[in-house]
Amino acid sequence: MTLRALCVPGPTGAGKTAAAIALARAVGGGVVNFDSRQVFADFPVITAQPTAEERAACPHLLYGFLPTAESLSAGAYADLARQAVEETAARGMVPILVGGTGFYLRALLAPLAPIPPTPAAIRAAVQARWEEQGTALHEALARLDPTAAARIHPHDQQRVTRALEVLEATGRTLSDWHREGAVGPGWEVLKLGVALPAAALRERLAARITVMLAAGAVAEARAALVQCPDRTAPGWSGIGCAELGAHLAGEMDLDAACDLWLRNTRAYAKRQMTWFRRDASIRWFEPGQEGAMIQAARGFLSGNMPG
RNA sequence: GCCGGGGUAGCUCAGUUGGUAGAGCAGGGGACUGAAAAUCCCCGUGUCGGGAGUUCAACUCUCUCCCCCGGCA
């Protein structure tokens with residue numbers, strides 16, 4: 001029988017956690033995270049991970065397990081998440097994917113090309129070339145892999161260097177790898193998104209920072225700085241983490257850090273919506289509409305409704 | 001009151017020797033195949049504080065008034 005899962009995508013601060021818990025209670029579910037920041041162990045408050053009380057409602061997987069110094073690639077995430085989903089289903093529970101990282105969700109459901117991890121040494125070498133040559137690297141890529149180069153903007157450091165890394169590490173071009181279709185997990189997934197109008201979301205985001213500060217966000221960042229003083233480490237790039245880190249390093253006062261934190265959060269929420277809007281399979285709800293979400297979920301799980 | 005420094009895009013500011021203005025941030029839209037809360041792309045007419053004068057032409061020079069910020073009284 002095909003595995004059926006629920007998915008709750010949406011921008012940061014829209015109320016996904018509450019909706020997911022309501023769904024989990026109603027259908028006997030277990031939550032699996034697909035948020036690239038809530039995986040970090042040192043930032044439970046700043047990344048708005050579910051609280052202990054919330055987690056007590058049902059199993060929660062893939063939250064708060066990664067050290068600040070480590071990164072989790074989309075591919076590595078997908079492997080972990082696939083296991084987590086299958087494990088949840090094996091326990092007789094409905095997997096409920098919850099999060100805001102569209103790329104992670106795609107990596108899990110639509111899988112990535114099966115490219116092996118690129119060695120750190122090659123990656124470092126390509127980065128060094130970018131530092132020296134910058135945009136000219138795109139010209140090199142255009143000669144080696146014109147298809148990939150055509151799709152990547154010359155200024156896009158991450159994608160230009162990634163394409164070159166893959167070529168050097170595997171001897172095959174990125175576009176060649178992409179031609180090779182990957183096999184998806186074959187699950188049936190019902191996507192019930194949580195979002196709200198921009199003006200309303202803004203208010204929530206501002207209020208949420210106040211709540212996070214009251215919940216010890218600054219102390220959390222201070223403790224994280226002891227654990228991992230290198231603020232260029234992956235975990236420190238989270239919104240709120242970076243700004244509070246800068247504040248603790250004496251680069252700005254707390255008010256300035258919080259202003260920046262809020263602005264960056266808003267911009268991020270906008271980018272998330274750009275990603276999710278494209279996904280026509282998402283049915284959207286506003287916070288507080290848990291009843292309707294549960295109804296839709298029950299219909300889907302009873303098998304009478306196509307995903 | 002006097003002496004400086006200012007008043008230009010929602011905010012912070014650039015504007016060479018006069019040719020009616022442009023960056024960053026914010027805001028809006030978009031992309032996204034292992035860094036993704038990342039990375040990147042597109043979108044800028046605004047009484048250039050008000051008024052007058054000089055000039056073919058003034059954000060730019062002159063006068064005057066108003067308002068900020070320092071310092072001296």
Side-chain angles (χ1 to χ4, degrees), chain A residues 10-13 33-40 43 46-49 66 68-82 99-120 122-124 126-127 130 134-135 138 145 147-148 150-163 165-166 169-170 172-182 184 198-199 202 205 208-209 212 232-245 256 259-279:
Chain A
T12 185
N33 172 45
F34 75 91
D35 189 292
S36 71
R37 293 297 140 180
Q38 295 185 343
V39 299
F40 286 103
F43 300 106
I46 302 172
T47 64
Q49 292 173 33
L66 196 70
T68 299
E70 291 181 24
S71 62
L72 181 66
S73 71
Y77 163 78
D79 290 343
L80 292 175
R82 192 162 172 161
T101 305
F103 185 37
Y104 273 19
L105 188 62
R106 177 185 291 173
L108 174 62
L109 300 179
L112 271 20
I115 304 170
T118 52
I122 288 180
R123 187 167 175 174
V126 174
Q127 288 308 314
W130 176 273
T135 301
H138 186 266
D145 185 357
T147 307
R151 301 178 55 191
I152 300 172
H153 188 96
H155 295 169
D156 193 338
Q157 176 177 3
Q158 289 194 6
R159 293 187 177 81
V160 171
T161 54
R162 164 74 180 157
E165 270 166 38
V166 169
T170 68
R172 288 173 62 188
T173 63
L174 186 65
S175 51
D176 187 44
W177 278 108
H178 288 174
R179 241 170 263 129
E180 185 174 322
R202 282 168 165 242
L205 294 177
R208 196 171 68 151
I209 286 178
M212 286 177 175
T232 65
W236 277 111
S237 68
I239 294 166
C241 307
E243 294 82 354
L244 291 179
D259 283 352
L260 190 59
W261 180 3
L262 178 58
R263 276 187 275 140
N264 288 336
T265 305
R266 287 204 292 243
Y268 170 54
K270 187 170 96 67
R271 267 178 276 137
Q272 286 178 299
M273 283 313 295
T274 298
W275 185 289
F276 291 128
R277 257 195 296 259
R278 267 214 327 186
D279 186 345

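Here is how names work: the chains are called A, B, and so on, in the same order as the sequence lines, proteins then strands, and each is numbered from 1.
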What is the distance, rounded to the nearest whole Å, between atom [atom1] of [X] and atom [atom2] of [N]?
X: A:Ile239; N: B:U39; atom1: CD1; atom2: P; result: 10 Å
X: A:Leu262; N: B:G27; atom1: CG; atom2: C1'; result: 13 Å
X: A:Arg277; N: B:G29; atom1: CZ; atom2: P; result: 5 Å
X: A:Phe276; N: B:A36; atom1: CZ; atom2: P; result: 14 Å
X: A:Phe40; N: B:A36; atom1: CZ; atom2: C1'; result: 11 Å
X: A:Arg162; N: B:U39; atom1: CZ; atom2: C1'; result: 14 Å
X: A:Leu105; N: B:U33; atom1: CG; atom2: P; result: 15 Å
X: A:Leu109; N: B:U33; atom1: CG; atom2: P; result: 17 Å

Intermediate values then yes/no, salt bridge (Lys or Arg N to Asp or Glu O under 4.0 Å), A:Asp176 and A:Arg179: CA-CA 5 Å; A:Asp176 187 44; A:Arg179 241 170 263 129; 3.2 Å; yes

Non-neighbouring partners of A:Gln127 that pass side-chain hydrogen bond (donor to acceptor under 3.5 Å, both in side chains), sequence neighbours left out: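 With sequence neighbours excluded, A:Gln127 shows a side-chain hydrogen bond (donor to acceptor under 3.5 Å, both in side chains) to A:Gln157, A:Thr161, given in chain and number order.
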
Which residues share a side-chain hydrogen bond (donor to acceptor under 3.5 Å, both in side chains) with A:Arg278, sequence neighbours left out: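 By the side-chain hydrogen bond (donor to acceptor under 3.5 Å, both in side chains) rule, A:Arg278 matches no residue at all.
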
Any donor-acceptor N/O pair under 3.5 Å between B:A35 base and A:Arg123 side chain: yes

Donor-acceptor pair present, A:Lys270 side chain and B:G29 base, under 3.5 Å: yes

Using a cut-off of 4.0 Å on non-hydrogen atoms, how would the nucleic acid contact of [X] be classed: base, sugar-phosphate, or nothing?
X: A:Arg179; value: nothing
X: A:Tyr104; value: sugar-phosphate
X: A:Ile152; value: nothing
X: A:Thr47; value: base

Non-hydrogen atoms of A:Ala233 and A:Ala69 that approach each other most closely: CB-CA, 4.0 Å

Least distance between heavy atoms, A:Ala269 atom then A:Leu205 atom: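 Looks like CB-CD1, 4.3 Å.
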
Secondary-structure notation, RNA chain B, from Watson-Crick and G-U pairs under 3.5 angstrom (| other strand): (((((((..((((.....[..)))).(((((.......))))).....(((((..]....)))))))))))).

For A:Asp279, all residues meeting salt bridge (charged side-chain N to carboxylate O under 4.0 Å, His left out), sequence neighbours excluded: A:Lys191

For B:G46, glycosidic torsion class - syn if within 90° of 0, otherwise anti: anti

Residue whose nearest RNA chain B nucleotide is more 5′ - A:Asn264 or A:Leu72: A:Asn264

Comparing A:Arg151 and A:Gly240 on RNA chain B - which has the more 5′ nearest nucleotide: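 Between the two, 5'-proximity favours A:Arg151.
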
Polar side chain donor-acceptor pair, A:Arg37 to A:Thr12, under 3.5 angstrom: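 No, no side-chain donor-acceptor contact under 3.5 Å.
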
Pairing residues for A:Trp236 by the ring-ring contact (aromatic ring centres under 6.0 Å, His included) criterion, not counting sequence neighbours: A:Phe43

Identify each atom pair where a protein N or O and an N or O of nucleotides 40-43 of chain B are less than 3.5 Å apart, giving names and distance.
from	atom 1	to	atom 2	distance (Å)
B:C41	OP1	A:His155	ND1	2.7

